[in-house]
Amino acid sequence: MFKTATSTMLPLLSPRGSAVGSGLIRYQHLFEHRFTRVALSLLSAALLICSLPDPDIGWCGWVALVPLIIAIQGLGPRRAAGLGLLFGIASSFGIYGWLFEVPSFDMRHAVVLAVYVGAYPAAWCAAMAWTARLGVPLLLAGPLLWVLSDTLRAHAGFLALPWGTLAQSQHHNLAILQIASLGGEQAVTLLVAAGNVGLACLILRRERQAVLMTGMLLAVAHLWGAALLYSAPVGRSIAVTAIQPDIRVAERTTEEGRRTSLERLERLTRSAAQAQPLLIVWPESAVPGDLQSDSGLVARLERLTTEIGIPLIVGAAQVEKFAKSEPELTIGRRIFNTAYLIEPGEPLGRPYRKRILVPFAEYRPLADIIPWPEWLAPRVPEMTAGDGGQLLRIGEQLSVGPLICWENLFTALARDSVRNGAQMLVQLTNDVWFGRSAAPRQHNLMSVIRAVEHRVPIVIASNTGPSQIIDAYGRIVGPESELFIEDTVTGAIRIGNAGTWYTEIGDSWMYGVFLLAAAGLRRSVEPLKRCADERIVKPTAG
């Protein structure tokens, strides 16, 4: 795949074009052969892959873009885009390689995904080359354009995929991660991107004074975050437990398997109840049945909560029938992915319904408009998205905001819950489909960022692991379960006044930054435009 992509792009990567900046001339001999640029692009991809699980070497995130930035120096936008596309394709195969664990996913899907993911760094490289020709400082254009690219990828409708970002590579670097409480995930990405561009500027011997200021800013951000981590804890302490039942796919297909999986959940729950946590959480789709229609199953779960005296939050499917009168009366049904709160002595309440579904896995996007080919978007049991947030309230003690599966990728959902009063978030997950790959660990680290963004603890109850309990500063509390084992994870977290500056303002700060950047770009372009106009109108001698 890489050989084909490389051979296709090589004509675009010719080193023609003048060097930008006096510092680059010193290193021009490095770019005499186009294969050097290709190698640098692939090196950047390898560093980005290594910065995430697995192998999860976080410092690689601070240097991942440096070879790519050096590689595109002196190129025009089209050739720079070719290198960016190569970087994105290689990164995609490395980061999302776990998708091959899914039986229905094959090389055709991988190529489509890789080209889509690669389009974003391709656009970034093209924009970098264009702004360089306009004389925009590299240290200004690079980080802002990268954050703009990430923002677009996170808000691309059903194609939104905020997975594998520079910020996520820093999930162990809790000091720098605290800046997310002010500006969200994108603020962390901005700092990491600035570190990358600053290092590239040092190598290229450009913008030294600005690089020094950037280094000071990063040092201050780290020191401020470290001070927060060592500050006195606030809020009341409570214990919570996540159940990891390790229910395999085959068990869900037979009556015997569903019976034994429910018995396993009950056994693990009774064992965990001995620690007397305030709340016990089961993973996504753990309950083998529809609680709205199966009164016997509801009664069984209610008996369990009464026996242990502890509320449960459980994941289950919900089927809702409805009448359709056109063209003739028929009975249809909607399927929801839900989370229920079951309390001792209380009737079954209204469930939380998953609001953001996984495209091409839980539904076919725009199926009424786009005739998706069967190989690309096979028909799946269509699920229905919930129409709003729903907090699960445990008396006056605790208000919980649920997230199901990949909803933890989207900070708007966590922000909505916290703004509505959630003191804790729970993430119900079932990553059994991805085997013993990096997917579950990559998935979980996004909840670390959500916790810091909104200063709210998060309980991750994963079917096959790893299950985790995260405090409001992104720290993993207590033990972390291993993959594909039965386990329970209990930890103490502090419940305080959830919410941060970022919870209040969201991503609005970025709009101001982009407006200032656009104004600066306009001021840079105007002199060039005036010079061009003067050349056009100047009379020719003779």
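For the numbers below, each heavy atom of this structure counts, side chains included, while hydrogens, waters and symmetry mates do not. Counting from 1, the numbers follow the sequence of the chain as shown.
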- With Arg494 via salt bridge (Lys or Arg N to Asp or Glu O under 4.0 Å) - residues at least two apart: none
- Query: Just by modelled atom types, is the Ile308 backbone N or O under 3.5 Å from a matching donor or acceptor in the Arg270 side chain?
  - Reply: no
- Taken to the nearest 0.5 Å, the spacing of Arg248 CZ from Phe484 CZ works out to 5.5 Å
- Note on the structure: Heavy-atom nearest pair, Leu304 first then Trp282, reads CD2-CZ2, 3.8 Å
- Message: Ignoring hydrogens, what is the shortest heavy-atom contact between Gly94 and Ile49? Give both atom names and the distance.
- Response: CA-CD1, 3.5 Å
- Write down the atom of Ile247, the atom of Leu265, and the distance for their closest heavy-atom approach. CD1-CD1, 4.2 Å
- Residues pairing under side chain to side chain donor-acceptor pair (under 3.5 Å) where one sits in residues 506-516, two or more places apart or in two chains, turn out to be Tyr502-Asp507
- Task: Report yes if some heavy atom in the side chain of Leu398 is under 4.5 Å from a heavy atom in the side chain of Leu278; otherwise report no.
- Result: yes
- Note on the structure: Correct closest heavy-atom pair for Gly289 and Leu297 would be CA-CD2, 3.8 Å
- Do you know the tightest heavy-atom contact between Cys405 and Val358? SG-CG2, 4.3 Å
- Interatomic spacing from OG1 in Thr429 to CG in Asn408 - rounded to 0.5 Å: 6.5 Å
- Task: Taking the side chain as every heavy atom from C-beta outward, state whether Ile335 and Thr384 have any pair of such atoms under 4.5 Å apart.
- Result: no
- Give a yes or no answer on whether the side chain of Asn430 reaches the backbone of Glu284 with a donor-acceptor pair at less than 3.5 Å. no
- Task: Walk me through it: do Arg334 and Glu382 pass the test salt bridge (charged side-chain N to carboxylate O under 4.0 Å, His left out)?
- Result: CA-CA 8 Å; Arg334 290 189 288 255; Glu382 291 278 338; over 6 Å; no
- Pairing of Arg259 and Glu263 as salt bridge, 4.0 angstrom limit: yes
- Task: Applying side chain to side chain contact (heavy atoms under 4.5 Å, CB included) between Val418 and each of Thr500, Thr503, Leu413, report the one that passes.
- Result: Thr503
- Message: Between Glu453 and Arg450, does any side-chain N to carboxylate O distance fall below 4.0 Å?
- Response: yes
- Query: Are Glu362 and Lys354 close enough for a salt bridge, meaning some N to O gap below 4.0 Å?
  - Reply: yes
Under 3.5 Å, which donor-acceptor pairs do the side chains of residues 216-227 form with other protein atoms, sequence neighbours left out?
| residue | atom | partner | partner atom | Å |
| --- | --- | --- | --- | --- |
| His222 | ND1 | Leu218 | O | 2.9 |
| His222 | NE2 | Asn173 | ND2 | 3.2 |

- Counting N and O atoms only, with roles assigned by atom type, does the side chain of Asn196 sit under 3.5 Å from a partner on the main chain of Ala64, one being a donor and the other an acceptor? yes
- Task: Apply the test side chain to side chain donor-acceptor pair (under 3.5 Å) to residues Gln468 and Gln427: give CA-CA distance (whole Å), side-chain angles for both, the deciding distance (0.1 Å), then the verdict.
- Result: CA-CA 10 Å; Gln468 296 173 330; Gln427 177 194 336; over 6 Å; no
- Message: side-chain contact (heavy atoms from CB on, under 4.5 Å), that's the test. Do Thr488 and Gln244 meet it? Break it down for me.
- Response: CA-CA 6 Å; Thr488 63; Gln244 181 175 305; over 6 Å; no
- Asn444 (side chain) donor-acceptor with Pro466 (main chain) under 3.5 angstrom: yes
- Item | Rounded distance (nearest 0.5 Å) linking atom OG1 of Thr338 with atom CG of Leu428 | 9.5 Å
- Lys/Arg N to Asp/Glu carboxylate O, Asp54 vs Arg436, below 4.0 Å: no
- Hey, what's the ring geometry for Phe158 with Phe360, parallel, tilted or perpendicular (30° and 60° as the breaks)? perpendicular
- Message: If I compare all heavy atoms of Trp163 with all of Met446, which pair ends up nearest, and what's the gap?
- Response: CD2-CE, 3.2 Å
- Message: Gln390 vs Arg355, test: side-chain contact (heavy atoms from CB on, under 4.5 Å). Steps then yes/no.
- Response: CA-CA 10 Å; Gln390 167 74 16; Arg355 289 175 279 175; over 6 Å; no
